[in-house]
Amino acid sequence: MNGLYGILWQEFIVFKRKFWATTIGFLVSPILYLVAFGWGLGSGMEIDGVSYMAYIIPGIIAMNTMMTSFNNTANSINISRIFYKTFEYYVISPINMTIYALGKIIAGAFYGIYSGILITVIVSIFTSDLVITPYFIFIALLNCFVFSALGFLIGLLINSHADMSKFMSFVITPMSFLCGTFFPIDKMPEILRWFIYLLPLTHTNIALRTTGETAGNMMLHAAVLMLYLIVIFIVSIRLCKKVE
Amino acid sequence: MLEIKNLTKEYKNVTAVDYLDLTIKDGEFFGLLGPNGAGKTTTVRMISTITPKTSGEIVIDGESIDRNLTAIKAKIGVVPQQNNLENETSAWENLEVHGILYGINKEKRRKKIEELFEFTGLTDRKDDLVKTYSGGMKRKLMIARALLHEPEILLLDEPTVGLDASARRKMWDLLKRLKSNGLTVLLTTHYIEEAEVLCDRVGLINKGQLLKLDTPWNLIEEVGKVTVEYFKDGETQEEFFRSREEANVYAGELEGDVRIRPSNLEDVFLKFTNRRVEEA
Ligand SMILES: Nc1ncnc2c1ncn2[C@@H]1O[C@H](COP(=O)(O)OP(=O)(O)OP(=O)(O)O)[C@@H](O)[C@H]1O
Ligand SMILES: [Mg+2]
């Protein structure tokens, strides 16, 4: 457990040192989305019987925690492998690569969690539209871990900064728009809808808006996210044990 | 004891290390010399488990080393050719994290860190962010970090690259102190003088293969301990002789700019790799 503590402590001192820059950075995009889509575009509009603002807030939390967790872990691993070579440092050290993966994924998820908390605070100042239940928190946490783990895997697989941007443009950005962040997925054409239903962010988006969901469905969303997390984690560790 | 047995690394187009066989004894300061691309870094990286080997074996104290065998990895300290410090944290924090990762208890860790800052002369700058360090200071910090967990074997891949003459001498003193403490060291370098000053034995490698392995002095004797250096056909040429007398006779027959001097390890290198190190 020394390894885990060491990795997390390292991440924590960097976080502390960059606290204000990080905090302000995390506020910009959710506020823009809330203003543009919530107040601007969506004022007076309703979806599924609730105001558009109330509809979009969980979506923005899902999307932002995804982006933040993914970006932090993916960039951290990628830069550490390609540029600063600190990845090699951990390979040399007597730390089990599983512990390394765990530490990095927890650290990245923490950034997602922090951005989620910031959005919640901001939103709560202006509206009372957001209802937070233990299930909501559980799903939001799971979302952070799934995408932090994905970031870890992609950070290991991709060998250049340019390819990293491609992955963002072709996978992460489309997901953030299509997986029910801004509008329900049943507005999508049938074939596309089935595909989208397989993506993890879709389940986070639906689960964070539990209105009218059966207990079975609620379990399903959690199970899908869990499955993603476990599979990505296992693949990551296998890769980590041999990647150069 | 570090045993390298038939170690091979094949990349798509090159064999970087080609059936390398070497044993480094306990307490020995061993130098690996070779031109650019000879396979020195690849060898060090395979020992550090960063680069997966194609075949062969690396054995430390009778135990085979592997990325996933964590206990044995604590026996080595590595200073790679390229710095891998955490730039966004302070020097002290870098060492503190290292101490934690290697499971050294707090009291011992803190004491050892202070000692190493003294040892490397970085005490005044220990709370500065690493990104504000000069190249030489980073090299020293890399060495301090590699020593913190008291490894049995230290791997140094060009520890003095980019250091000015005075900083390099200081680094040599530091390495000599380690040597007198009985640490086993594998050093690669392009500064032949460095190997001559520090190493008990040197291995000359080229294209991943070991050409020669002996003490610096034996290698020099083998080549001839006196060198006659002269300029002819637009190039500096060297001839090696067993004694001063033989050299004098030869030099007497030459015209122009002729110099007689003791041979050094660089001459050995030149002779066996057929080119000067810097040109390689
Ligand atoms: N990742 C890699 N992919 C392909 N070839 C590589 C890779 N790393 C090293 N090589 C090749 O392996 C050979 C040995 O390289 P290595 O870095 O070990 O040499 P070196 O002796 O350390 O040289 P230098 O003195 O320049 O540091 C070179 O031909 C190099 O091009
Ligand atoms: Mg090298």
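First the proteins, then the strands, lettered A, B, ... as listed; each starts at 1. Since this is a predicted model, take the numbers as computed values, not measurements.
Around the CE atom of B/Met1, the shell of radius 6.0 Å holds no more than 12 heavy atoms that belong to other residues, nucleotides or ligands. Other residues, nucleotides and ligands contribute only 12 or fewer heavy atoms inside 6.0 Å of the CZ atom of A/Phe195.
Side-chain contact between A/Ile92 and B/Thr49: absent, with no pair of heavy atoms (C-beta onward) separated by less than 4.5 Å. Looking only at side-chain heavy atoms (C-beta outward), B/Asn83 and A/Lys85 stay at 4.5 Å or farther from each other.
Using a 4.5 Å cut-off between heavy atoms, B/Leu85 contacts chain A through its backbone alone, with no side-chain atom that close. If you measure heavy-atom distances from A/Leu4 to chain B, you find no contacts under 4.5 Å at all.
Heavy-atom proximity under 4.5 angstrom to chain B picks out A/Cys240, A/Lys241, A/Lys242, A/Val243, A/Glu244 from residues 234-244 of chain A. Proximity to chain A among residues 86-109 of chain B is limited to B/Glu86, B/Asn87, B/Glu88, B/Thr89, B/Ser90, B/Trp92, B/Glu93, B/Glu96, B/Val97, B/His98, B/Ile100, B/Leu101, B/Tyr102, B/Gly103, judged by heavy-atom separations below 4.5 angstrom. Along residues 11-33 of chain A, the residues that come nearer than 4.5 angstrom to chain B, judged on non-hydrogen atoms, are A/Ile13, A/Val14, A/Arg17, A/Lys18 in order of number. Within residues 94-122 of chain A, the residues having any heavy atom under 4.5 Å from a heavy atom of chain B are, by residue number, A/Pro94, A/Ile95, A/Asn96, A/Met97.
Minimum heavy-atom separation, B/Lys73 to A/Val91: NZ-O, 2.5 Å.
Taken from CG in B/Asn84 to OH in A/Tyr90, the straight-line distance is 10.0 Å, to the nearest 0.5 Å.
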